[in-house]
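See structure below.
Naming: A, B, ... by sequence-line order, numbering from 1 per chain.
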Protein chains: 2
Amino acid sequence: MAVSGRGPRERMVFSAAQLIRRDGVASTGMREVAAHARAPRGSLQHYFPGGKEQLVNEAVGWAGRYAAGRVARFLAALPEPTPGGLFSQMVRQWTDEYTSTGFEGGCPVAAATVDRAGSSASTREAVSAAFDGWTGAVALALSDMGVPAERARPLATLMISSLEGAILMARAERDVRPLTAVSRELGPLLDSAVDATG
Amino acid sequence: MAVSGRGPRERMVFSAAQLIRRDGVASTGMREVAAHARAPRGSLQHYFPGGKEQLVNEAVGWAGRYAAGRVARFLAALPEPTPGGLFSQMVRQWTDEYTSTGFEGGCPVAAATVDRAGSSASTREAVSAAFDGWTGAVALALSDMGVPAERARPLATLMISSLEGAILMARAERDVRPLTAVSRELGPLLDSAVDATG
DNA sequence: CGGCTACTATGACAGCGGTCATAGGGCGAG
DNA sequence: CTCGCCCTATGACCGCTGTCATAGTAGCCG
């Protein structure tokens, strides 16, 4: 899995996200990130004077923006946008990866939360911002579909929570069933929120 | 937080679970576990000849049995058992902890998944078993409430997934809102599965 | 050419990790 | 008493980590 982003800096951030989502933050070494990104080791202290913490925070930020950006793409792929359809697409991204590439990776934001929420304030804030941006993107999409404003954000939170939890369980069991179960059960319930008048 | 379980061995397993859920598996040292359990360091290699992997696996197993056991207690606390009521209790346990003790800890099973699912086969199996036992307990409770047999397990998976994801988000944001949102949104939907004839 | 900036290249350092080796106590059995 | 067993105690080892210090190269500007 050769990384071929533009500059070495971007490649390192991207590689960090990849390695974190596979091994966790603590088990991912700086040298490993540089090697994976095919970047010189000396560039680490040049581009990331804030050390590992900065690198991790940027990787989390990148992952959050990536997840939020995917929402718009999922919508574009849907002929008729519905909450359940969007959720199905979000889940599908993971079932596709797991069935094709294997159960090696999880969500880097979740990994950063587990490993650093209690020990690094700045990383915790980066994670919070990532979740917030992602939730906002989903909530906006729900609003556009006709979900009442006051329910858009809670439902977006529910969608992302269910997805994150199902990712954990799927990885643990090496089976996509938790993902498909969550999609099948929650999808219709989400759709029923569209026509709800109150 | 002095640990006062019965034997040193149990105390170490319990302490390991506590530390893992706070700092993650990789950031939790063996010496730290022994110190936290007020157990002699030499006992580590005596009780856990399989090393850290064994200790982590037992901590995960303990956590899984604990979570599964809580389900029965939650049911007993409900005057009239409903799926939404059960879920509300499951969530409540976490909001109570977070509002009283702070957002220091997460779920140890989730932590073990993130940190070890890709690197330790035995730990991944322990995590899988923990999720499986927990899901089974919830599914059994749902069946007893009248949820159709074929939907009991998928719904249990949805409940646990949502809870795990909401724990992540709540820790990240240092706010119980994700937990309350998930409970409020998912509860009624779960209750509607009871009277569903198909 | 010099001077400057951006980036790369290594080597060292101190700290901590899990694990192993070895030996010491406590105590019941014979 | 001695033996054997369970548990404890401690020191050492090696590998790896993040970080720093220092020196090197490339290329642009004047």
Rounded to whole angstrom units, what separation is found between the [atom1] atom of [X] and the [atom2] atom of [N]?
X       : N      : atom1 : atom2 : answer
A:Glu10 : C:dC7  : CD    : P     : 12 Å
B:Lys52 : C:dG18 : NZ    : C1'   : 8 Å
A:Met30 : D:dG15 : CE    : P     : 23 Å
B:Arg38 : D:dT8  : CZ    : P     : 16 Å
A:Ile20 : D:dG18 : CD1   : P     : 11 Å
B:Leu55 : C:dG18 : CG    : C1'   : 12 Å
A:Gln54 : D:dT19 : CD    : P     : 10 Å
B:Arg31 : C:dC20 : CZ    : P     : 13 Å

When all nucleic acid strands are considered with a 4.0 Å heavy-atom cut-off, which category describes A:Thr28: base, sugar-phosphate, or nothing?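 Sugar-phosphate, no base atom in range.
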
Could you state whether A:Tyr66 and A:Val13 fall into the same hydrophobic cluster, counting links through intermediate Ile, Leu, Val, Met, Phe, Trp or Tyr residues with side-chain heavy atoms under 4.5 angstrom apart?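 Yes, because A:Tyr66 and A:Val13 connect within a single hydrophobic cluster, where side-chain heavy atoms sit under 4.5 Å apart.
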
Are B:Glu58 and B:Gln54 linked by a side-chain donor-acceptor pair shorter than 3.5 Å?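 Yes, side-chain donor-acceptor contact under 3.5 Å.
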
Ring-plane angle category for A:Tyr98 and A:Trp94, please: parallel below 30°, perpendicular beyond 60°, tilted otherwise.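 Ring orientation of A:Tyr98 relative to A:Trp94: tilted.
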
Between the side chain of B:Arg124 and the main-chain N/O of A:Ala172, is any donor-acceptor distance below 3.5 Å?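 Yes, the answer is positive, given that a donor and an acceptor are paired below the 3.5 Å cut-off.
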
Report the residue (A:His46 or A:Arg41) whose heavy-atom-nearest nucleotide on DNA chain C is the more 5′ of the two.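 Its nearest nucleotide being more 5', the pick is A:His46.
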
Nearest of C:dT8, D:dT8, D:dC20 to any side-chain atom of B:Tyr47?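 When the side chain of B:Tyr47 is considered, D:dT8 is the closest of C:dT8, D:dT8, D:dC20.
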
